[in-house]
Amino acid sequence: MNFKNKLVQDLKSIVGDKYILTAKWNKQQFSKGWRYGEGEALAVVKSGTLLEIWKILKICVKADVIVIMQGANTGLTGGSTPYGSDYDRPIIIINTMRIDNIHIINSGKQIVGLAGSTLYDLEKKLEPFEREPHSVIGSTSIGASIVGGVCNNSGGSLVKRGPAYTELALYAKVNQNGELELVNELGINLGSNEEEILNNLQNRNYNKSDVKQSNKLASDNEYSNIVRQIDSNVPARYNADKRLLHGVSGSAGKVAVFAVRLDTYSIPKKNQVFYVGSNNSDVFWEIRRDILSKFKTLPTSGDYLHRDCYDAAKKYSKDTFVVIEKLGTNFLPTLFELKRKVDLLSKKIKFLPDKLSDKIMQFLSKLWPNHLPKRMEQFRNKYEHHWVIEMSDDGIEEAREYFNEFFKNKEGDFFECTKKEAEKSILHRYVAASAIGRYHALNENKTGGMLSMDIAFPRNEKDWFEKLPSEINDLLDTKFYYGHLFCHVLHLNYIVKKGVDVEELKRKLLKTYDIRGAEYPAEHNVGHEYFAKPSLIEFYKKLDPTNFFNPGIGKTSKRKDWK
């Protein structure tokens with residue numbers, strides 16, 4: 001029996017034949033990124049317990065192979081799949097989504113999320129406690145894992161909460177001597193050896209008295225002050241921020257995370273969404289500065305949408321909007337899984353067109369009537385820039401008085417959304433993220449490549465709305481702009497003209513962001529799309545000195561010992 005066959009047999013002895021995937025067809029949904037990147041893996045192992053992960057890691061360390069830890073595989077920069085074929089060792093993907101336990105502790109004020117637990121399940125589990133998780137839109141809706149958000153310092157759209165962060169976690173690392181170590185920083189007494197610790201956690205075999213009250217953070221406790229510093233020439237949040245690189249937080253798959261302990265948040269008593277429009281980007285700049293510097297209550301969220309992106313989302317994301325509205329977000333992971341399988345099938349059967357799922361869904365969406373409220377459509381016709389601002393409790397009256405006074409002598413207008421309008425406006429902004437992919441899929445014969453940039457601009461940046469030099473703008477077919485305007489994180493999406501060198505254009509674009517003092521990526525992490533900054537590389541090497549986990553991340557070395 002050769003080395004690879006023996007390794008697969010050893011892994012099967014732990015999880016069973018059913019949970020080891022070796023056929024190319026079966027592996028593809030795990031070895032291909034949700035939007036970016038793909039590569040070959042020897043096998044995908046779908047572990048069912050924390051102890052199984054530990055045993056798999058021991059075998060992989062001994063066999064001197066690469067391990068890529070994977071949750072829901074919903075990342076946008078290819079950070080949880082192989083990328084290319086130039087690795088120096090075989091790759092084993094360990095998918096954790098079968099391990100989805102969530103433990104509520106400290107009367108709902110904190111939770112322990114195991115390796116494959118999801119934000120969606122957490123949101124439902126916290127409802128009886130009148131609490132909610134760090135993220136309540138975006139990643140939640142597509143089935144993203146809790147651990148994935150922490151490992152990527154995911155930002156989300158919530159103004160008061162900042163990037164996902166904790167200093168309390170249980171994880172495995174490979175030390176500089178090539179030995180596997182279990183690191184228990186969870187702040188819970190679980191036992192003295194690896195098997196005992198992992199089994200006790202999996203089975204929740206611990207008492208209230210075993211949960212230590214710690215000075216270590218389970219969330220970012222500084223962000224609400226940081227985002228208010230409107231005159232700072234440094235962005236509010238970005239992935240390479242040293243302040244938020246600690247243990248599993250920001251680790252980007254360079255360790256194997258078994259569990260994280262996180263804070264939860266009180267659900268506001270009242271919410272009100274204000275829909276704001278203007279044709280002058282400076283008006284939004286002024287509103288942003290006033291709210292962040294003068295309001296007693298920070299907004300819950302404040303998401304921006306340019307009119308072109310509004311139109312694209314209306315046309316190309318209509319099916320996603322309708323599915324979420326009619327069937328709920330719990331159906332969305334199933335839809336994406338079905339979509340992925342249809343596309344894989346279309347590649348396998350030659351007479352079927354590429355991107356078959358997009359073509360089917362776009363056709364079906366044309367049969368559905370206009371799904372957007374009348375007042376939103378009126379604002380679309382009047383205004384280029386759209387801003388969906390959600391306030392809660394005391395901040396509602398504060399915002400109401402402010403907007404009524406502000407628009408007496410400023411260009412633009414606002415309206416207070418009804419409950420239905422609020423839900424639709426937030427959902428419309430959310431599904432805009434998928435519009436660029438659909439547009440590209442349906443127009444790939446007429447256009448060139450696609451670029452999706454995730455940029456954090458300085459807090460004092462006045463010219464937040466992009467004005468590209470003609471030598472770059474002339475190379476673009478279409479631009480879609482949306483983002484989180486209060487923290488100046490913007491998602492700048494481009495479809496380039498046919499024949500344009502995408503990588504060269506990307507370098508030019510990044511140079512324009514550098515000149516403006518921006519940081520990138522802002523919240524999607526480096527994956528295989530961005531170069532990791534020196535602070536990130538230093539952090540990765542400290543966590544994973546032999547380059548055993550997820551090598552090549554941030555365009556770093558894929559070779560053993562970082563050679």
Side-chain angles (χ1 to χ4, degrees), residues 28-29 31-38 72-81 83 137-139 141-144 303 305-306 308-324 329 331-347 352-366 427-455 476-483 490-498 500 502 505-506 509 521 523-525 527-530:
Q28 274 194 289
Q29 69 185 86
S31 60
K32 180 178 172 63
W34 194 66
R35 188 165 80 182
Y36 183 85
E38 62 184 301
N73 191 18
T74 57
L76 299 179
T77 56
S80 56
T81 62
Y83 183 77
I137 192 170
S139 299
S141 306
I142 57 174
D303 275 13
L305 199 63
H306 184 264
D308 291 346
C309 197
Y310 179 109
D311 292 345
K314 180 182 175 182
K315 182 175 181 179
Y316 296 107
S317 301
K318 186 180 187 178
D319 52 308
T320 308
F321 184 106
V322 172
V323 165
I324 295 174
T329 54
F331 182 74
L332 207 53
T334 306
L335 176 68
F336 283 128
E337 192 54 43
L338 180 63
K339 182 180 183 301
R340 201 189 306 234
K341 285 180 177 175
V342 169
D343 286 339
L344 291 173
L345 185 66
S346 70
K347 281 191 172 183
L352 291 176
D354 277 350
K355 309 290 176 59
L356 179 61
S357 67
D358 285 301
K359 287 165 184 173
I360 293 171
M361 292 167 77
Q362 189 62 30
F363 172 77
L364 292 174
S365 73
K366 290 178 182 177
L427 184 53
H428 184 60
R429 159 51 198 97
Y430 164 63
V431 299
S434 63
I436 184 172
R438 175 69 58 81
Y439 178 91
H440 187 248
L442 297 178
N443 295 279
E444 59 184 351
N445 293 330
K446 297 183 288 185
T447 60
M450 177 173 68
L451 282 170
S452 295
M453 312 303 284
D454 169 30
I455 312 297
L476 301 175
D477 172 83
T478 312
K479 297 174 288 190
F480 297 142
Y481 295 149
Y482 62 90
L490 291 170
H491 301 298
L492 310 171
N493 303 278
Y494 314 94
I495 304 288
V496 307
K497 291 179 179 175
K498 212 168 185 64
V500 172
V502 175
L505 177 60
K506 183 178 177 180
L509 283 166
E523 59 183 1
H524 295 159
N525 220 329
H528 291 281
E529 194 167 9
Y530 296 90

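Residues take their numbers from the sequence shown, with the count starting at 1. Note that the coordinates shown come from a computational prediction; the quantities given were computed from them, not determined experimentally.
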**Prompt:** Mind checking what makes side-chain contact (heavy atoms from CB on, under 4.5 Å) contact with A441, not counting sequence neighbours?
**Reply:** K355, D358
**Complete:** To the nearest 0.5 Å, atom NZ of K318 lies from atom NZ of K366 at 10.0 Å
**Prompt:** To the nearest 0.5 Å, how far apart are CG in L476 and CG in N493?
**Reply:** 11.5 Å
**Prompt:** Listed by chain and number, what are the salt bridge (Lys or Arg N to Asp or Glu O under 4.0 Å) partners of K314, not counting sequence neighbours?
**Reply:** E377
**Message:** Among residues at least two apart in sequence or on other chains, which ones pass ring pair (Phe, Tyr, Trp, His ring centres under 6.0 Å) with Y530?
**Reply:** none
**Item:** Minimum heavy-atom distance between A72 and A144, given as atom pair plus value
**Value:** CB-CA, 4.0 Å
**Message:** How long is the straight-line distance from CG of D303 back to OH of Y430, given to the nearest 0.5 Å?
**Reply:** 12.0 Å
**Asked** Does some side-chain heavy atom of L451 sit less than 4.5 Å from a side-chain heavy atom of L509?
**Response** yes
**Prompt:** Of all residues at least two apart in sequence or in a different chain, which pass the side-chain contact (heavy atoms from CB on, under 4.5 Å) check with K497?
**Reply:** D477, V500
**Request:** Using the test side-chain hydrogen bond (donor to acceptor under 3.5 Å, both in side chains), find all partners of D308 that sit at least two apart in sequence or belong to another chain.
**Result:** none
**Item:** F321 side, atom CZ; L427 side, atom CG - distance, nearest 0.5 Å
**Value:** 4.5 Å
**Heavy-atom closest contact (L442 atom, Q362 atom, distance)** = CD1-CG, 3.4 Å
**Message:** Nearest 0.5 Å, please: how far is OG1 in T77 from CG in D454?
**Reply:** 8.0 Å
**Identified side chain to side chain contact (heavy atoms under 4.5 Å, CB included) counterpart of Y83 within the set H528, E529, E38** = H528
**Prompt:** Sequence neighbours excluded, which residues qualify as ring pair (Phe, Tyr, Trp, His ring centres under 6.0 Å) partners of H491?
**Reply:** Y482, H484, H524
**Item:** With Y494 via side-chain hydrogen bond (donor to acceptor under 3.5 Å, both in side chains) - residues at least two apart
**Value:** E466, Y513
**Asked** Which atom names give the shortest non-hydrogen contact between Y36 and L76, and what distance separates them?
**Response** CB-O, 3.7 Å
**Item:** side-chain hydrogen bond (donor to acceptor under 3.5 Å, both in side chains) against K479, all qualifying residues, sequence neighbours excluded
**Value:** N473
**Request:** Name all residues meeting the ring pair (Phe, Tyr, Trp, His ring centres under 6.0 Å) criterion together with Y310; count only those two or more places apart in sequence or in a different chain, and write none if there are none.
**Result:** H386, H428
**Message:** I'd like to know whether NZ of K506 has more than 12 heavy-atom contacts from other residues, nucleotides or ligands below 6.0 angstrom.
**Reply:** yes
**Main-chain N/O of Q29 paired to N73 side chain as donor or acceptor, under 3.5 Å** = yes
**Asked** With sequence neighbours left out, what residues match S317 under side-chain hydrogen bond (donor to acceptor under 3.5 Å, both in side chains)?
**Response** S434
**Message:** Would you compute the distance between atom CD1 of I436 and atom OH of Y481 and round it to the nearest 0.5 angstrom?
**Reply:** 10.5 Å
